[in-house]
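Reading through the structure tokens given below for one structure.
None of these values were measured; they are calculated from a predicted model.
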Amino acid sequence: MRHQPVHSSFFNKPTLELAQALLGKILVKETAEGIAAGIIVETEAYIGPGDQAAHSFNNRRTARTEVMFGPAGYTYTYVMHTHCLVNVVSGAADSPEAILIRGVEPVEGMELMYQRRGPVKREQDLTNGPGKLTKALGIVKEDYGRPLWEAPLYIAEGNEPELTAAGPRIGIDNSGEAREYPWRFWVSGNRFVSGTKKNNIIK
């Protein structure tokens with residue numbers, strides 16, 4: 001399967017708009033082992049410096065968050081609880097914002113994904129979470145800073161989903177009122193979505 005990377009201009013959208021535009025696009029990782037790819041079915045937006053749940057809250061600038069202060073469309077990876085998570089940098093330069101990719105539906109490289117993930121109870125358990133999908137696709141911390149419109153790690157064109165939903169983000173209970181912001185977006189009814197907390201149909 002051949003995937004067509006999006007143009008770099010695709011990422012030049014307000015963060016909440018981009019988080020929704022990513023749904024239906026394809027996340028692709030090319031390695032020496034082969035290509036693994038999945039349709040993005042769930043995202044979460046983080047809008048620092050006013051977002052208590054964002055790594056860049058209060059304009060916190062560290063070696064880890066540095067890429068968020070640059071232009072949109074670059075890869076922000078970090079490790080949490082031994083799992084690598086992948087984010088799309090969004091917002092203008094010096095506006096440190098990002099979008100976490102929480103779930104993808106596999107479309108290429110299933111055998112490779114099973115090799116990387118090992119036995120799973122259900123097919124959707126391959127990639128229905130931010131740590132699961134990075135392991136399945138072979139995305140690693142060293143992908144930090146890569147432009148997401150060219151190989152080996154990129155966002156490719158896909159099909160706009162018919163129905164999407166929005167609700168509060170997951171796993172950010174210690175972030176004050178920010179934990180209630182409806183900045184998680186997903187494809188309604190897709191089995192590779194990681195959770196359905198406080199669902200609200202938006203499209």
Side-chain angles (χ1 to χ4, degrees), residues 1-6 19 22-46 53 55 64 67 74-89 98-159 161 164-165 167-174 184-197 199:
M1 181 182 293
R2 184 175 178 85
H3 303 286
Q4 177 62 46
V6 297
L22 284 167
L23 297 177
K25 296 292 188 289
I26 301 172
L27 179 62
V28 184
K29 177 66 186 289
E30 300 178 2
T31 66
E33 301 168 291
I35 297 176
I39 300 168
I40 298 172
V41 298
E42 184 181 8
T43 61
E44 276 182 345
Y46 289 87
H55 290 171
R64 182 174 78 165
V67 71
Y74 288 82
T75 307
Y76 173 37
T77 50
Y78 61 90
V79 175
M80 178 176 287
H81 307 308
T82 74
H83 298 293
C84 177
L85 306 186
V86 64
N87 298 255
V88 177
V89 172
I99 298 160
L100 173 67
I101 299 178
R102 286 198 57 92
V104 303
E105 178 179 346
V107 292
E108 184 174 2
M110 287 282 286
E111 183 176 340
L112 193 52
M113 293 186 195
Y114 274 107
Q115 289 175 10
R116 289 167 173 161
R117 289 275 290 118
V120 295
K121 292 182 178 180
R122 305 170 301 169
E123 185 177 83
Q124 57 262 44
D125 291 330
L126 271 176
T127 53
N128 65 346
K132 296 176 183 180
L133 73 89
T134 53
K135 187 171 183 180
L137 270 62
I139 298 170
V140 293
K141 185 180 178 183
E142 288 72 24
D143 287 313
Y144 181 98
R146 293 189 187 277
L148 282 164
W149 58 86
E150 59 185 40
L153 175 61
Y154 57 96
I155 306 293
E157 298 290 355
N159 297 313
T164 61
R169 296 169 294 183
I170 296 173
I172 56 167
D173 292 338
N174 297 321
R184 182 170 70 92
F185 305 95
W186 64 92
V187 176
S188 299
N190 189 284
R191 63 196 176 105
F192 290 90
V193 172
S194 67
T196 54
K197 176 184 174 185
N199 296 359

Check: Taking the six-membered ring for Trp, are the ring centroids of Tyr74 and Trp149 within less than 6.0 Å of each other?
Finding: yes
Margin query: Would the distance check show the side chain of Asn190 and the main-chain N or O of Val187 forming a donor-acceptor pair, the cut-off being under 3.5 Å?
Written below: no
Next item on the list: Identify the two heavy atoms, one from Arg116 and one from Ala36, that lie closest to each other, and give their separation to 0.1 Å.
Entry: NH1-CB, 3.8 Å
Note to self: Do Pro106 and Phe192 make a side-chain contact, defined as non-hydrogen atoms from C-beta onward lying under 4.5 Å apart?
What the structure shows: yes
Next item on the list: Indicate the atoms forming the closest heavy-atom contact of Tyr78 with Met80, along with that distance.
Entry: CE1-CE, 3.9 Å
Next item on the list: Go through Glu157 and His3 one step at a time and tell me if the side-chain contact (heavy atoms from CB on, under 4.5 Å) criterion holds.
Entry: CA-CA 7 Å; Glu157 298 290 355; His3 303 286; over 6 Å; no
Checklist line | Residue pair Arg184 / Ser194, side-chain donor-acceptor N/O under 3.5 Å | finding: no
Check: If you round to the nearest 0.5 Å, how far is CG of Leu85 from NZ of Lys141?
Finding: 12.0 Å
Notebook entry, point to check: Under the side-chain contact (heavy atoms from CB on, under 4.5 Å) criterion, do Ile35 and Val28 qualify, and how do the steps go?
Noted result: CA-CA 7 Å; Ile35 297 176; Val28 184; 3.8 Å; yes
Next item on the list: Give a yes or no on whether the backbone of Cys84 and the side-chain of Thr134 come within a donor-acceptor separation of less than 3.5 Å.
Entry: yes
Item checked: Backbone of Leu100 reached by a side-chain donor or acceptor of Thr43 within 3.5 Å -> no
Check: For the atom pair CD (Glu44) and CD1 (Ile170), what is the distance rounded to the nearest 0.5 Å?
Finding: 6.0 Å
Next item on the list: Hey, could you give me the CZ/CD1 distance between Arg102 and Ile40, rounded to the nearest 0.5 Å?
Entry: 14.0 Å
Notebook entry, point to check: Do you know which two heavy atoms are closest between Ala151 and Glu30, and how far apart they sit?
Noted result: CB-OE1, 3.6 Å
Next item on the list: May I have the step-by-step check of side-chain contact (heavy atoms from CB on, under 4.5 Å) for Leu133 and Leu27, ending in yes or no?
Entry: CA-CA 10 Å; Leu133 73 89; Leu27 179 62; 4.0 Å; yes
Notebook entry, point to check: Checking Lys29 side chain against Gly138 main chain: does a donor-acceptor pair fall under 3.5 Å?
Noted result: yes
Checklist line | Cation-pi check, Arg169 onto Tyr46 ring (under 6.0 Å, within 45° of axis) | finding: yes
Checklist line | Whether over 12 other heavy atoms sit under 6.0 Å from Glu111 CD | finding: no
Next item on the list: Report the C-alpha separation of Arg117 and Asp125 in whole Å, then their side-chain angles, then the decisive distance to 0.1 Å, and conclude whether the salt bridge (Lys or Arg N to Asp or Glu O under 4.0 Å) test is met.
Entry: CA-CA 9 Å; Arg117 289 275 290 118; Asp125 291 330; over 6 Å; no
Next item on the list: Please report the C-alpha distance between Arg191 and Glu105 in whole Å, then the side-chain angles of each, then the deciding distance to 0.1 Å, and finally whether the salt bridge (Lys or Arg N to Asp or Glu O under 4.0 Å) criterion is met.
Entry: CA-CA 8 Å; Arg191 63 196 176 105; Glu105 178 179 346; 5.8 Å; no
Notebook entry, point to check: Looking only at heavy atoms, what is the nearest atom pair of Thr164 and Leu23, with distance?
Noted result: CG2-CD1, 3.7 Å
Next item on the list: Start with the C-alpha gap between Asp143 and Val86, add the side-chain angles, then the distance that decides, and say whether side-chain contact (heavy atoms from CB on, under 4.5 Å) holds.
Entry: CA-CA 9 Å; Asp143 287 313; Val86 64; over 6 Å; no
Margin query: How close do Ala37 and Ile26 get, counting heavy atoms only, and between which atoms?
Written below: CB-CG2, 3.8 Å
Item checked: Minimum side-chain heavy-atom gap Asn87-Ile99 below 4.5 Å -> no
Check: Got a second to check how far Leu112's CG is from Glu108's CD, nearest 0.5 Å?
Finding: 10.0 Å
Checklist line | Trp186 versus Gly167, closest heavy-atom pair with distance | finding: CZ3-N, 3.3 Å
Note to self: Keeping Tyr144 on the side-chain end and Arg64 on the backbone end, is there a donor-acceptor pair under 3.5 Å?
What the structure shows: yes
Next item on the list: To the nearest 0.5 angstrom, please state how far the NZ atom of Lys132 sits from the CE atom of Met113.
Entry: 14.0 Å
